[in-house]
Amino acid sequence: MEKTGAKKIGVLTSGGDAPGMNAGIRAVVRCAIAKGMEVVGVHHGYNGLINGDIEQMDVRSVSEILHRGGTMLYTARCLEFKEQAGILKGKETCEKMGIDGLVVIGGDGSFRGARDLSLAGIPTVGIPGTIDNDISCSDFSIGFDTALNTAVEAVDRLRDTSQSHDRCSVVEIMGHGAGHLTLDTGIACGACAIWVNEVDFDVDRDIIQKIKSTASNGKHHFIVAVGEGITDVHALAKEIETKTGVETRATVLGHIQRGGTPTARDRVLATKLGVHAVELLEKGIGNRVVVIKGNTVVDYDILEALQMKKGIDKKLFEDAKLINI
Ligand code: ADP
């Protein structure tokens, strides 16, 4: 029997915010309306499904958001949704409002919720939105390119002042345990050391000796890029200063990396993924994650997607060691 497609879909953003989520919301809303569906926006992640905090959307509801960071639907973590009772409340809200399809923009955790909701009978499709780029099944997630450019601009500024004072700058970069943002920022900024979770790293070998050998061939300022949660960057700065004699400062870039105008690349990615998600729901297909692989939009079963593994680009990491000397 042919599947019946969705007539009224919802869209929500969940977990950490990422620049470009708005472009994804816009694509979902406009595409769904163009296909004759009704669309609602769910506020504050899965909380909105539980509380019924939901707004009707029209084509103008998503005007003037394409170029804005953050998410017009707000985002949140919702512990209640990790329990079966929370999922059932979400399902009941959908049934009461006639929502027969949902698009969730978020990370791995949000996809688990999307899977649970699909299994409960509401076809739900996930789109990767996180600056960490730690969604294994996708080459890129919405927000990564913007965060990378923000981090690079910030480190370029630190470089100016480090260079003027012959200093070393230790920079902590976000990533939630994943090294993609730190590695790419380190490459783009010529960091003399890049410390990410995914590699074997030794402070004496990979930072102190590197600074000493680099200093011996005429360099006087240094950038050390460190992924968040790996070490206390302020203590590391003191250790570097003590062991090398180079004045060292630590900077934690923090939430600056989450905000700002999304890059063109993130807007295009969000648009492609958003449209594909609606096309799936139009066919009545849920329990999928929509991602980008080799510049092609593809979709996977959520469980299959959650089981995939993606490391950092180890070759790129080794190349950085050769080049940033
Ligand atoms: P991200 O989506 O960025 O990985 P989280 O891991 O914080 O962020 O998850 C976001 C939200 O997704 C959680 O607050 C919760 O509402 C939902 N979620 C996370 N894990 C599960 C799970 N195992 N089952 C159902 N919902 C979940």
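Ligands are counted one by one from 1 in listed order, and the atoms in each one are counted from 1 as well.
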Practice problem: Have a look at C31 and tell me which of L281, V278, I9 forms a side chain to side chain contact (heavy atoms under 4.5 Å, CB included) with it. | Solution: V278
Quiz item: Tell me, which residues have any heavy atom less than 4.0 Å from some atom of ligand 1?
Solution: S14, G15, G16, Y46, R77, C78, F81, K82, G107, D108, G109, S110, R112, G113, D116
Quiz item: Between the side chain of D166 and the main-chain N/O of H221, is any donor-acceptor distance below 3.5 Å?
Solution: no
Quiz prompt | Residues in salt bridge (Lys or Arg N to Asp or Glu O under 4.0 Å) contact with K310, at least two apart in sequence or another chain | solution = none
Quiz item: Will you find, in the side chains of R115 and S118, an N or O donor that is under 3.5 Å from an N or O acceptor?
Solution: no
Practice problem: Please confirm whether the backbone N or O of H44 pairs with a side-chain atom of N47, one donor and one acceptor, at under 3.5 Å? | Solution: yes
Self-check item: Least distance between heavy atoms, V297 atom then K272 atom
Solution: CG2-CB, 3.9 Å
